[in-house]
Every structure is written in structure tokens, then in C-alpha cells.
Number of protein chains: 2
Amino acid sequence: MGKIPAHRSAVTLRDVAEQVGITASAASMALSDSSRISEKTKTLVRAAAAELGYVPSSAARALRNQRAGAVALIVPNTTRHVFGHSYFMHVLTGVSSVANDRDTQVLVSTNSDEANGLAAYERVMRSKSADGAIVTSAAVTDPYVERLSQSGLPVVLIGNFPYLPDSITVGIDDVAAEAAITRHLIQVHGTKRLMHVSGPLDHQTAIDRRDGFLAAVAEAGLLESSLVIEGDFSEDAGWQAVRSLGQGIRDIDGIVFANDDMAFGGLEALTDQGLTVPGDVAIVGFDDFGLSRLTTPSITTVSVPAEDLARVATERLFDIIDGVSDGPAHQHLPVSLTLRSSCGCVPKGAQPHR
Amino acid sequence: MGKIPAHRSAVTLRDVAEQVGITASAASMALSDSSRISEKTKTLVRAAAAELGYVPSSAARALRNQRAGAVALIVPNTTRHVFGHSYFMHVLTGVSSVANDRDTQVLVSTNSDEANGLAAYERVMRSKSADGAIVTSAAVTDPYVERLSQSGLPVVLIGNFPYLPDSITVGIDDVAAEAAITRHLIQVHGTKRLMHVSGPLDHQTAIDRRDGFLAAVAEAGLLESSLVIEGDFSEDAGWQAVRSLGQGIRDIDGIVFANDDMAFGGLEALTDQGLTVPGDVAIVGFDDFGLSRLTTPSITTVSVPAEDLARVATERLFDIIDGVSDGPAHQHLPVSLTLRSSCGCVPKGAQPHR
DNA sequence: TCGTGGTGCTTTATCGTTAAAGCACATCCG
DNA sequence: CGGATGTGCTTTAACGATAAAGCACCACGA
């Protein structure tokens, strides 16, 4: 193996320069292809750098250039409980791929130590460990996020934050999406007595999805026969919501869950009570981060392009870091309905395998 | 839209020192509680630092101290396909929590862009962006991982790497675990004609699990009536494996899949063919990263403590970084069997909700 | 012949932090 | 009362990279 020799101590630019017989400055200029360095020297320097396995010290570069060469992916601690794991993975994948193209490191910062009054991610930014941050799914009223987005540091939020109109955000139109899938239930499957199990209503996402449901129900004249129960995006909340109606659940013929986890919990509760899905009750979820495809019946849902959201947000972030400030402050990416078995669209077990 | 924030430039230690009327060095000593600084000055410095919102520059510190204050979580691109998203999330959670306790940043390096012949994660280490790395590799022979672990840089591998005896690893005993769950199928459920769908056999995990299966089958004298099919840990491979037997599948009464994804794929294929699980065939998976609990029937599996593995690995990494070099080179954490419906232990639909 | 303009490097200074050495001044002990 | 020890700061230097300025040297035109 050992094509590249094992190095006891790190190779610095000086080592490279010395081997060529010039100063570190000249070597630096050579590697950055300066016009003030002869082609011959450039070739020599490049060869020496390759031979010695020179990799610039990120700390020295960061200090000198006042640029960390890293972006932070910030996850306020509440998020872990509120959103599933897979959502975050999709986001990380998106951020990573864009960052990679820019030779930038990705730093993941969750918030657990608020010991010194500063959120962990505020420290990350203030210490200049990262040049900018992607903030994912914060609560409506997270004061740290608010301060961060108003600090003047490059920050892009994933989601919708009407309370922070000056921030840069990339999200989806939750209202329209939830309205669309509700309409699907009403128009295609003829459901008339609908229930919505919402997320925690201190999250904008939860509010918007509820409003979308209500809009679709209202426009169909079904507002009277509908109800909303507040959940918290957890599987258990979906289960509880269905249980809480007791026998009253038999009057419902369609349930719109604000996410897939709750839909799965609801599905279990319905099955426990001897109700069939979609026979007795048609249900739909939201997110499509993995779970909804696996259940029996599989759950019809709104596919949220999490990875794309992250990708677009990160590209936006780099623009801001580079001083390019055009582009809309608030962007919405399109979503699609993924029709499966739980609403009655696809016969149980008939989904093509691949 | 371009308003200039109050904190235009960052607060440096010099700003703090100037406000107190001393030099930056003295301020530095004050903040590190040096005995050569008077209590009065220390108090003043601390107050000024708090007032100005001073946060040390990570780059300057890293350069001066020759320590980045960050660890890297390295995920070779093959790993992501082999293990799912959830595995990775558990690992990230574990690494983060330990790193957070040590005021250390977590840097995630996934793609290996081999543009300049150096894997992305080798650049991370060589550029001193991180003081050490946790590597979640799967393949038996990743030359970059090999080189990294032999470079002398602090590295801890999650998994088992018998071909790298000098490396520090934290894993589980795949052989024993797969043998145990196979024995469960044989002894508790009386299966006699067993199939194993393995992972790709250039992965140590796949090899070990297969060997565990074979050991258990051999000790029960069932080697003759058993077979092994090589898969690749994907859902589709599980599906294909079952299909590939044609009607021959009806001679099988127990299938040990090397992970849950393949078990789910196999479950679908079995159901498609009109076979019931666990009635006609008892099946088990491996991992328990989320999926196996969601399916119908839920899948009996080996629970891999991914978060704990990551936590232990990270603690080990910090020890190495700090120069503490005791502790075993190769550690195994215990696993547990999670009995669900697919083997026949728990009646379908009878699992307690919480 | 002198100046003007490249060319190709070296010198210098800086980013922010911190260990080590330096230096006044005070205090203690024999 | 003079050397030793302490106290509390300042000065210096270094971590590694890199812009900017400096400086030889050569070539060319007037």
C-alpha cells in the first residue's frame, strides 16, 4: 500500500518550500497559481507538495483568511423529539453534498449545553468555527434562533418562519400541501366526516398543516362534520388521538394526520379496535421520510423533498457567505402526493416491488 | 435589505484586555485562572468578557494549541448504502452527546471525493480540522481506512476489523449474536430447514453473521438441510433471495436474514407468494434500527446498541487524544434479542403499544 | 545612458491566542 | 540591610498561511 509515506509530524508549507529551495511565501503563491511565479517553480512546488503529502492547515488558513471553511448544521434540541431521525438524515445528506462540492466541512451542532447562557450553536458561530449555518426545524419561538438570524451572520432556515420576516428561509407550502391531500381524500375517496390530528401548535409547520386541512374541508362544505385534535408529531400521539374518541371513531371516515409517525400510531389504534384501513377509515400522513412505505397498509402521504430543501438552503447559504444577496428571501419547493394503500388508491399488497 | 449589524467585527481578547486596561496576554491568563494574576483583575476580565460577549476564536486557538477542538465522524460512502440512515443517526447521536460534554465540535465527513487522490476524510485529518476520527466503515478492505488507522492519528473504528489488528475498535460479537438468534429459531420454534440470507461477503459483518448462523445450524445437526444465499443488505436483496428459490421456498421453515432491511424484503416476497409469517415460515432480522418494529408482522431481531457503540468509541477516542492509552484495543458491547411477531413469539397485533 | 517596466523572488506583517521569559516592585529572612 | 523569594503584570515569540510591499535583475525604448 503506502503510496503516501507515513508522516511523523504534519507537513507545512515551509517544508515544501525548503525542498524546492524557496520561501514559504513563494510556495504559497506558486500553489495559488500566481502570475508572479515562474512556471518552472510552480511545477517544482506542486511536485514537492504532492510528494510530501502537503495539506494546508485549516486553522492557519481560517485565521489568516478569516473564513473557517465550514458550515454548521444546527439542530435545536427540541427537534430530536419532534421530528423523526430520517428527516434529519435527509437534511444532512443534502447539506453535505453541496458543502462537499465547495470543499467545505460540515459541522453538526445540537444544542445541549446552555450552561453559560449561550446556546451551543451560538458559540459555534461566534467562535467562527463556521462561516454560516443551516438551521433546521426550530420552534416558532426559539429566542436563540431569532437572535442568530438577526445577528447578521449568514443563516438560512429550513421551514417557514413568518415571525422572522427578515430571515432567509427555504421550505414547502404546508398549507397548500395539506389542503391538497385533504382534497384527495374528499374528492377521490368521497370521505365526508374528517378528522385532523395536528402537530404541536407552537410549531409553524403544525399550524400551517392544520390550516390547510381546514381550508380544504371548508371549501367542500364539510367543516361541520370535521374535527381537529392536537398531537405532538409522535407515534403515540396518533394512537392517543384515535383512542380519545372512544366509539366516536366509528363516525369518522377519513383521518388526515399531520405526519407519518402519527398516522402509524393511528393505524395501530384503528386496527386494534377492529377497524380496517382503508375499508372503514381512509387515512393519510405527511412527510414520506421512510416509515410510510413500510407499514401495512402503506400510508398515502405528502412527499417532502427534505434533501432538496437542504441542498437549496445550503446553496443559498454559500451565496450569502460569498456576498451574493439576490434571490428571494423565502423560497418554497414543490411537493408531491405519494398515493399508497391507506387511502384506498393502491390495493393492499399490490404495490410494485421496485 | 443590507443593514450593518452592531457586531460587525468579532470581539477579540484584545478588546477585552483593552477595556480592563491590560494586555491580551494578561487577559488570557486571567481567563485561564492563572495564579500569576490577581483576583481583582480576574474578576474585571471575566466581567468584561461577559459584557462584550467574547468567544475565543477557534482558529487561533487551534493554531496556537495544535488542537482543533473537533472530532470527525467519518462515513465512507459505501457505508451509507450498506447500513441504513437510521444506523447512522444513532451513531451521530452517540458521538454528539459525548463530544458535547467535552466542548468539542463534531464534523461529519461523508463523501470521499477522490479528486486529488486523497479521500475527503483523509484531508480532514491531514488538515488538522479534527483531532481524531470515529470511522464507521463496513467494507473489509477500504485502503483509505487502513491508511488512516495506520497513520498514527487518533482513530477509533466502529465494527470489527480483524485485518487491522493494531487499530482500536468497538463493536458487537456478530458471530455470537447471529448464532444466538438462529438457536432461538431452532430451539424455541423448532425450525429444521433453515436459510440464511447474508450480506455482501466482502464485509466483515456479513461474514461474521453468516459464520454465526452456520455454527448454530451445525451444532444442531441441521447443516445438511440449510442453505446460504448472499445478498447485499438491501431490501431488494431479501426479496430476490426468497424469489430465487421459486417453489423451493416452501421447503424452508425458517429464514435468518443478516439485517432487517432484507428481512422486510423477504417478508414482502413471502406474503406475495401466499405464505404466512410466522405460520408457514418463521423469519428473523438483525439490527433493530427502526424498521423491524414497524412492519406487519413486526420482525424479531438482534438489537444493536448503535448509540452506545458510538458513545463508547468516542470516549475511547478522547482517551487516545489525551494520551491515555489503556483499555482494550478491541471491545465488544453486549446485544439483546428483541422478540416480536415474525418468529412466532408475540401474537400478531398483540405487542403492547408503548 | 538613463529611466521605465516587467519578472521572480524575499521580507514583512497579520490573523487571535497563549506559553515562556522578562521585569519592575514589594516582602521576607538571616 | 542585602540577597532571595513572590507577585502581577508586560514583552516576546510562535502556531501556519498569505496578502502586500520590497528589491534585485534584466530587457527595452528613447
Side-chain angles (χ1 to χ4, degrees), chain A residues 7 9-46 48-49 52-70 103 123-131, chain B residues 7-46 48-49 52-70 103 123 125-131:
Chain A
H7 304 284
S9 55
V11 178
T12 75
L13 192 49
R14 233 182 112 186
D15 300 326
V16 174
E18 254 165 32
Q19 174 153 23
V20 178
I22 55 175
T23 65
S25 300
S28 171
M29 295 168 85
L31 289 178
S32 62
D33 204 26
S34 159
S35 61
R36 304 294 304 273
I37 301 290
S38 70
E39 279 308 322
K40 197 181 123 201
T41 304
K42 282 183 194 172
T43 309
L44 285 172
V45 170
R46 280 194 278 258
L52 298 176
Y54 168 70
V55 176
S57 150
S58 61
R61 267 217 166 129
L63 182 58
R64 169 71 227 212
N65 298 345
Q66 298 292 74
R67 191 188 248 249
D103 278 316
R123 292 188 74 82
V124 172
M125 297 306 293
R126 300 280 285 280
S127 71
K128 294 171 174 299
S129 297
D131 301 316
Chain B
H7 275 285
R8 192 66 200 93
S9 58
V11 179
T12 74
L13 192 50
R14 232 183 112 185
D15 301 326
V16 174
E18 254 164 33
Q19 174 154 18
V20 178
I22 54 176
T23 65
S25 299
S28 170
M29 294 168 85
L31 288 178
S32 62
D33 203 26
S34 158
S35 61
R36 305 293 303 271
I37 301 290
S38 70
E39 280 309 321
K40 197 180 123 198
T41 305
K42 283 184 193 172
T43 310
L44 285 173
V45 171
R46 280 193 277 258
L52 298 176
Y54 167 70
V55 176
S57 151
S58 59
R61 266 215 168 135
L63 183 58
R64 168 70 227 215
N65 297 344
Q66 297 292 74
R67 191 189 248 248
D103 277 314
R123 295 187 73 82
M125 297 306 293
R126 301 280 286 280
S127 71
K128 295 172 175 299
S129 297
D131 300 316

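None of the values given here were measured: they were computed from a predicted structure. Both backbone and side-chain heavy atoms feed into the values below; hydrogens, waters and symmetry mates do not. Just so it is clear: chains get the letters A, B, ... in the order the sequence lines come, proteins before strands, and each one is counted from 1.
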For the helix from C:dT1-D:dA30 to C:dG30-D:dC1, figure out the bend between the end axes, five pairs an end, and round to 10 degrees.
-> 70°
Chain B footprint on DNA chain D, 5' to 3' - any atom under 4.0 Å from a heavy atom =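 In short, chain B contacts DNA chain D from D:dT7 to D:dG16.
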Stepwise, does the side-chain contact (heavy atoms from CB on, under 4.5 Å) test hold for B:Leu13 with B:Tyr54?
-> CA-CA 7 Å; B:Leu13 192 50; B:Tyr54 167 70; 3.7 Å; yes
Considering only residues two or more places apart or on different chains, which pairs with a residue in [range] satisfy salt bridge (charged side-chain N to carboxylate O under 4.0 Å, His left out)?
range: residues 56-66 of chain B; result: none
range: residues 19-31 of chain B; result: none
range: residues 22-31 of chain A; result: none

For B:Ala24, all residues meeting side chain to side chain contact (heavy atoms under 4.5 Å, CB included), sequence neighbours excluded | B:Arg14
Could you tell me which residues satisfy side chain to side chain contact (heavy atoms under 4.5 Å, CB included) with A:Ala62, sequence neighbours excluded, listed by chain and number?
->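 By the side chain to side chain contact (heavy atoms under 4.5 Å, CB included) rule, A:Ala62 matches B:Ala59.
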Can you name the side-chain hydrogen bond (donor to acceptor under 3.5 Å, both in side chains) partners of A:Arg67, sequence neighbours left out?
-> A:Asp322
Listed by chain and number, what are the side-chain hydrogen bond (donor to acceptor under 3.5 Å, both in side chains) partners of A:Ser129, not counting sequence neighbours?
-> A:Ser127, B:Ser58
Closest non-hydrogen atom pair, B:Val16 against B:Ala48 |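 Where B:Val16 meets B:Ala48 most closely, the heavy atoms are CG1-CB, 3.9 Å.
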Mind jotting down which residue pairs meet the side-chain hydrogen bond (donor to acceptor under 3.5 Å, both in side chains) criterion with at least one end in residues 23-38 of chain B? Sequence neighbours excluded, please.
->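 Matches after skipping sequence neighbours: B:Asp33-B:Lys42, B:Ser38-B:Thr41.
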Rounded distance (Å) that lies between atom C1' of C:dG8 and atom CG of A:Asp33 |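 One finds 15 Å between C1' of C:dG8 and CG of A:Asp33, rounded.
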Between protein and nucleotides 13-19 of chain C, what N or O pairs are separated by less than 3.5 Å?
from, atom 1, to, atom 2, distance (Å)
C:dT14, O2, A:Arg64, NH1, 3.0
C:dC15, O3', A:Gln66, NE2, 3.4
C:dC15, O2, A:Arg64, N, 3.3
C:dG16, N2, B:Ala60, O, 3.3
C:dT17, OP1, B:Tyr54, OH, 2.6
C:dT17, OP1, B:Ser57, N, 3.2
C:dT17, OP2, B:Leu13, N, 2.5
C:dT18, OP1, B:Arg61, NE, 2.6
C:dT18, OP1, B:Arg61, NH2, 3.1
C:dT18, OP2, B:Ser28, OG, 3.3
C:dT18, O2, B:Arg64, NH1, 2.4
C:dA19, O4', B:Arg64, NH2, 3.1
C:dA19, N6, B:Ser25, OG, 3.2

